[in-house]
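For reference, the structure discussed in these notes is given below.
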Amino acid sequence: VSLALDPGDSKAIYAGSTDSGLFYSYDGAESWQVATALGKVRVAAIAVDPADKCVIYAASGNKVYKSDDCSRTWIQAYFDNDISATVNALVIERLNSNNVFIGTSNGDVIKSSDKGASWRALDRFDSPVQKIVISPASPKIMFAGTTARGVYRSVNGGDKWESLSGKLTAFDGSNRFRDLVIAQADKPTVLLATNYGLLKSADDGNTWSKIELLTAEAEAKIYSIAVSPDDGNEIYYTTGTAFYHSLDGGKNWISKKLPTSRVGVKLLIDPSNTANVYLAAGKSY
């Protein structure tokens, strides 16, 4: 249900399972180990400190756990008083890893400025937060995708948020969030997958345009998207049964059947070798 790469070592990969805990590989997925001290829990989100590869955060249920010793031991870094809540989103600021952000099923965006020692609420949206993304061009620019209220944006590092629904009214179904990624090219491109289909923005979400898909939007329920760190025109996405790849910003697509009967729920591209693409498969959601 979750997949993450170490920002400082792309051979280090972490995979969170439905009910068997956290798995990790230090050799580019050639072999895997389990973080036994964390236990057999659902791991909904994972983040690795870009300044210290042995500092790892894992979200499970209403808690966030932290390891300072490469998964050997874990402490509880965050606990939500609502035991029915779940932490769905987890991200660390790349330029200042003291700043950790989480998003919950209650719609809360919460920040720690001291590596998880203490937390403060930034905002609450009227829908579960599914993902938080920080722009690679500026840590001030952030996006939060919610289940049913679309995408929110912050331009001041998360202190204040605005809904982008008004900028997406032309795209019916865009309030139903699926995924969001940002290319790390000179001019960052934001790619947004919703129930409408696939959209892109070259101006931090102020204006959006449609990317034509190979199949009709109504038939293309997108589970995950990925974009090359160096080229915003190289796009990948998965549906329930297929894998799509474009080299020209969506003008043309290569399609392949997924190598599994399960749904492709997460995609990641190796930034050190963009020919390597990782696919996590699981039950649909």
Side-chain angles (χ1 to χ4, degrees), residues 1-16 21-26 33-39 41-82 85-124 129-145 154-161 182 184 268 271:
V1 294
S2 54
L3 197 60
L5 286 174
D6 181 340
D9 179 7
S10 62
K11 292 287 187 182
I13 309 159
Y14 295 83
L22 178 67
F23 295 82
Y24 60 93
S25 172
Y26 290 151
Q33 301 176 67
V34 63
T36 53
L38 191 59
V41 295
R42 176 184 174 87
V43 180
I46 311 158
V48 183
D49 190 325
D52 186 344
K53 66 177 297 177
C54 276
V55 176
I56 304 144
Y57 299 83
S60 180
N62 63 333
K63 307 176 187 69
V64 174
Y65 295 96
K66 178 184 178 183
S67 175
D68 291 314
D69 55 8
C70 288
S71 303
R72 294 180 184 88
T73 61
W74 295 84
I75 61 169
Q76 185 176 289
Y78 174 80
F79 175 83
D80 196 303
N81 288 327
D82 183 354
T86 58
V87 178
N88 302 323
L90 181 56
V91 67
I92 304 172
E93 185 182 317
R94 194 178 186 105
L95 297 180
N96 181 1
S97 61
N98 288 317
N99 295 328
V100 184
F101 299 84
I102 61 176
T104 76
S105 60
N106 287 335
D108 297 313
V109 176
I110 300 167
K111 177 184 179 181
S112 172
S113 300
D114 49 17
K115 294 182 179 287
S118 62
W119 301 85
R120 65 183 176 96
L122 300 178
D123 209 333
R124 170 172 280 192
V129 178
Q130 297 295 339
K131 190 172 187 178
I132 301 172
V133 179
I134 301 174
S135 172
S138 169
K140 297 292 186 184
I141 299 172
M142 303 176 64
F143 296 88
S154 173
V155 295
N156 60 0
D159 286 335
K160 291 186 178 181
W161 295 82
I182 305 177
Q184 298 177 30
L268 280 181

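Being a predicted model, the structure only gives us computed values, none of them experimental. Counting begins at 1 with the first residue of the sequence.
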Please check if the side chain of [X] supplies one atom and the backbone of [Y] the other of a donor-acceptor pair under 3.5 Å.
X      : Y      : result
Ser60  : Arg42  : yes
Ser67  : Val55  : no
Ser112 : Ser118 : yes
Ser154 : Lys160 : yes

So, taking the atom named [atom1] in [X] and the one named [atom2] in [Y], what distance separates them when rounded to the nearest 0.5 Å?
X      : Y      : atom1 : atom2 : answer
Ile92  : Ile56  : CD1   : CD1   : 9.5 Å
Lys11  : Lys53  : NZ    : NZ    : 11.5 Å
Ile102 : Ile132 : CD1   : CD1   : 8.0 Å
Asp6   : Cys54  : CG    : SG    : 9.0 Å
Thr73  : Asp68  : OG1   : CG    : 7.0 Å
Lys111 : Asp123 : NZ    : CG    : 13.5 Å

Between Val64 and the options Val100, Val87, Ile110, the side-chain contact (heavy atoms from CB on, under 4.5 Å) test singles out Val87
With sequence neighbours left out, the residues meeting ring-ring contact (aromatic ring centres under 6.0 Å, His included) with Phe23 are none
Go through the structure and list residues passing ring-ring contact (aromatic ring centres under 6.0 Å, His included) with Tyr78, not counting sequence neighbours.
-> Trp119
Closest non-hydrogen atom pair, [X] against [Y]:
X      : Y      : value
Ile182 : Pro136 : CG2-CD, 3.6 Å
Tyr65  : Gln76  : CD2-CA, 4.0 Å
Leu5   : Ser10  : CD2-O, 3.6 Å
Ala35  : Tyr24  : N-CE2, 3.8 Å
Tyr57  : Gly116 : OH-N, 4.2 Å
Trp74  : Ala58  : CZ3-CB, 4.0 Å

Are [X] and [Y] packed together at the side-chain level, in the sense that at least one heavy-atom pair is separated by less than 4.5 angstrom?
X      : Y      : result
Ile134 : Asn99  : no
Leu3   : Ile13  : yes
Asn88  : Ser105 : yes
Ile75  : Lys66  : yes
Lys131 : Phe143 : no

Mind checking side-chain contact (heavy atoms from CB on, under 4.5 Å) for Asn98 and listing every partner two or more places apart, or none if nothing turns up?
-> Asn96, Lys115
Thr104 side chain to Asn106 side chain, donor-acceptor N/O pair below 3.5 angstrom | no
